[in-house]
Amino acid sequence: MYDLRFYNTTILAGSLGNTGLLAGLLLIVSPLLFYITNKKKHRFILVTLTLLIFLLIILTNSRAAIIAYLGTIHLILLTFKRYRRLLKMRKTFFTLISALIILIVVCFSFFKIDSINGRFFIWDVCLKNYKSFIVNGIGYGEFPVQYRRWQGDYFKSNDNSYFSYLADLPKNAFNEPLQILIELGTSGFIIFISIIIAVFRASTNFPVFLETTLKISLLNVLLFSFFSYPFHSFPILIYSVSVLGCLASGLKNNYIMTNYTVRFSYVIMLLIIPAMTYFIYQRSTSIATWNLLKKQQPKFALIKYKELLSVLDYNSQFLLDYGKLLHRNSLYQESTDILLKTEKIYSNIEIPIFIASNYQYLNDYVMAEKYLISANQYIPSKLLPKYMLLKLFIETRDTLNAINMAKHISETPLKVNSDSAFKMQLFAENYLLHLKH
């Protein structure tokens, strides 16, 4: 589950898919330590656990989590009377710790400067297209597909941009409030802000210490969301909803439902639960079958994929897999139809590449070139679209474009060193040498 690497910028990895999310989970759980160990006899345990969590967060290299963690400790020390004297007695200590953490953040910024610039680039591209979302938004969950178009348009007019080396196709904006504004528009963003205000203004019957601790934990989620995507992490969401549930259960203004409302709710639930159970069972068994088919021979799997299509036509990963399988079985037109449908709901560089390959096999070189150019604009640092364009130009005897593309491939800095990338560059260099002779 965890991996320590001391010769890399990332030295602690977890099972959440991203070291930043691991840091975020540690961050939002940390305020509860002050409540659990709130007695004097537990003070040593509190200090030990606080330092341990701080060390783990440092190992994840998450600058946002380090800053928020420092803010959490100081906020708790300033909020609760029992810690104020400790703060006064150890003012110099906390100043030194603050300076040390700021120094660590600055050092990590130099080690991961591309990560910082990449986030700024994503935000810049989004804000430049504010007219597309500021009123009604683009729709919930539509960010990856829409951002792919925005980024492609950006590099279409800025092909020599510094950010071409950093760009990828992100699934999130690395800023949850911004993504909510983009997807839900101004009205949805106002509702989001209203919910936050309502949560932090609500009073409960809990002890002040417990109530404030829970709210600080939620505040950590909010602070962390400005630089990451905790709202898209299932464990963090479960924790956040649990905290909200705890606060709701202790509200001073309790709302009691009438017997009629309760009975009506039971009837609705009895009607919905069987349908939902069947729906979940059908989809889960279909996904299990799909996972088994990945190990089967392409020709055998093709028949089963077609049967699963009616159930899993909502699943973008399944559609991409199906499109690639059709391609491998030389069903290029069918593959193109599926992938064109997938492109509308899923952002993945493989989609335009496979569509272009299909068109090339169908001898539609104009459309093949169009999709390869799009793929190259989506992620300019990726060599495969350039390599395929070079081979396309060679096949169509477009020597001038082939020479320009070969030069471009040989001059492109490698983002990831791999055998395939070296072979592509070697092919381009050999092509240029062949022309000279």
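In this text the structure is predicted, and so the values were computed from the model without any measurement. All residue numbers refer to positions in the sequence shown, counting from 1.
Within 6.0 Å of NZ in Lys407 there are 12 or fewer heavy atoms belonging to other residues, nucleotides or ligands. For Lys294, the NZ atom counts as densely surrounded, since its 6.0 Å shell holds more than 12 non-hydrogen atoms of other residues, nucleotides or ligands. Within a 6.0 Å radius of CZ in Phe200, more than 12 heavy atoms belonging to other residues, nucleotides or ligands are found. Sparse packing is recorded around NZ of Lys382, with 12 or fewer heavy atoms of other residues, nucleotides or ligands lying under 6.0 Å away.
Taking CD of Glu369 as the start and CZ of Phe393 as the end, the distance is 4.5 Å to the nearest 0.5 Å. Distance check, rounded to the nearest 0.5 Å: OG1 of Thr186 to CD1 of Ile190 gives 6.0 Å. Taking CG of Asn158 as the reference point, atom OG of Ser164 lies at 10.0 Å (rounded to 0.5 Å). Summarising the geometry, atom CG belonging to Asn430 is positioned 11.0 Å from atom CG belonging to Leu435; distances are rounded to the nearest 0.5 Å. Between atom CD1 of residue Ile353 and atom CD1 of residue Ile379 there is a gap of 8.0 Å, rounded to the nearest 0.5 Å. With rounding to the nearest 0.5 angstrom, the CG atom of Asn129 is 10.0 Å from the CD1 atom of Ile138.
Counting only distance, with no hydrogens or angles, the side chain of Ser217 and the backbone of Thr213 share no donor-acceptor pair below 3.5 Å. With hydrogens and angles disregarded, a donor-acceptor distance shorter than 3.5 Å links the side chain of Gln425 to the backbone of Thr412. Between the side chain of Asn376 and the backbone N or O of Leu372 there is no donor-acceptor pair closer than 3.5 Å. Although no hydrogens or angles enter the test, the distance criterion places a donor-acceptor pair under 3.5 Å between the side chain of Arg119 and the main chain of Phe227. Judged purely by atom type and a 3.5 angstrom limit, Ser228 has no side-chain atom pairing as donor or acceptor with the backbone of Ser225. Panel note: side chain Arg328, backbone Gly323; no donor-acceptor pair is recorded below 3.5 Å. Using modelled atom types, no side-chain atom of Asp168 and backbone atom of Pro170 make a donor-acceptor pair closer than 3.5 Å. Listed for the Gln360 side chain is no donor-acceptor partner under 3.5 Å among the backbone atoms of Ala368.
Scanning both residues, Trp150 and Ser132, for their nearest heavy atoms gives CZ2-CB, 3.9 Å. In terms of heavy atoms, Ser335 sits closest to Leu326 at CB-CB, 3.6 Å. In terms of heavy atoms, Leu214 sits closest to Val243 at O-CG1, 3.7 Å. The shortest non-hydrogen separation linking Val311 to Ser286 is CG1-OG, 3.4 Å. Nearest approach of Gln179 to Ala173, heavy atoms of both residues: OE1-N, 2.9 Å. The two residues Ser381 and Ala167 have their closest heavy-atom pair at OG-O, 4.1 Å.
Within the 4.5 Å cutoff, the side chain of Glu183 has no heavy atoms near those of the Glu142 side chain. Under the 4.5 Å side-chain criterion, counting only non-hydrogen atoms from C-beta, Asn358 is not in contact with Gln333. Using a 4.5 Å cut-off on side-chain heavy atoms (C-beta onward), Leu392 and Tyr365 make contact. A heavy-atom distance below 4.5 Å is not found between the side chains of Phe192 and Leu184. Using a 4.5 Å heavy-atom cutoff, the side chains of Ile238 and Ser242 are in contact. Using a 4.5 Å cut-off on side-chain heavy atoms (C-beta onward), Leu384 and Ile349 make no contact. Side-chain contact between Asn348 and Ile351 is present, with heavy atoms from C-beta onward closer than 4.5 Å.
For Tyr154 and Phe163, the ring centers are positioned 6.0 Å apart or more. Aromatic rings of Phe155 and Tyr162 (six-membered ring for Trp) have centroids beyond the 6.0 Å cut-off, not under it. The distance between the ring centers of Phe427 and Tyr387 falls below 6.0 angstrom.
Judged by the 6.0 Å distance and 45° axis criteria, Arg283 is positioned over the aromatic ring of Tyr314.
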| said: Show, in sequence, the C-alpha distance, side-chain angles and deciding distance for Leu319 and Leu309, and conclude whether the side chain to side chain contact (heavy atoms under 4.5 Å, CB included) test is met. | reply: CA-CA 8 Å; Leu319 291 175; Leu309 182 61; 3.6 Å; yes
(message) Let's go through Tyr229 and Phe174 carefully: what are the C-alpha distance in whole Å and the side-chain angles of both, what is the deciding distance for ring pair (Phe, Tyr, Trp, His ring centres under 6.0 Å) to 0.1 Å, and is it a yes or a no?
(response) CA-CA 5 Å; Tyr229 47 96; Phe174 291 91; 5.4 Å; yes
Could you please spell out the steps behind the side chain to side chain contact (heavy atoms under 4.5 Å, CB included) verdict for Phe224 and Leu219? CA-CA 8 Å; Phe224 190 66; Leu219 180 62; over 6 Å; no
Open item on the list: Test side chain to side chain contact (heavy atoms under 4.5 Å, CB included) on Phe231 and Ile180; report intermediate values, then the result.
Closed with: CA-CA 10 Å; Phe231 298 171; Ile180 288 170; 4.0 Å; yes
Please assess Cys126 against Ile182 for the test side chain to side chain contact (heavy atoms under 4.5 Å, CB included), listing each intermediate value before the final yes or no. CA-CA 8 Å; Cys126 292; Ile182 291 170; 3.7 Å; yes
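Under the 3.5 Å distance criterion, with hydrogens and angles disregarded, no donor-acceptor pair is assigned to the side chains of Ser410 and Glu429. A side-chain donor-acceptor contact under 3.5 Å links Asn401 and Asp398. Gln317 and Asp321 form no side-chain donor-acceptor contact under 3.5 Å, judged by distance and modelled atom types alone. With 3.5 Å as the limit, one finds a donor-acceptor pair spanning the side chains of Tyr147 and Gln151.
The existence of a salt bridge linking Asp124 and Lys128 is confirmed by a sub-4.0 Å separation between a basic side-chain nitrogen and an acidic carboxylate oxygen. Ion pairing between Glu395 and Lys391 fails under the 4.0 Å rule for side-chain N and carboxylate O.
Residue pairs that meet the ring-ring contact (aromatic ring centres under 6.0 Å, His included) test with at least one member in residues 318-337, sequence neighbours left out, are Trp290-Phe318, Tyr305-Phe318, Tyr305-Tyr322, His327-Tyr332, His327-Phe354, His327-Tyr361, Tyr332-Tyr361.
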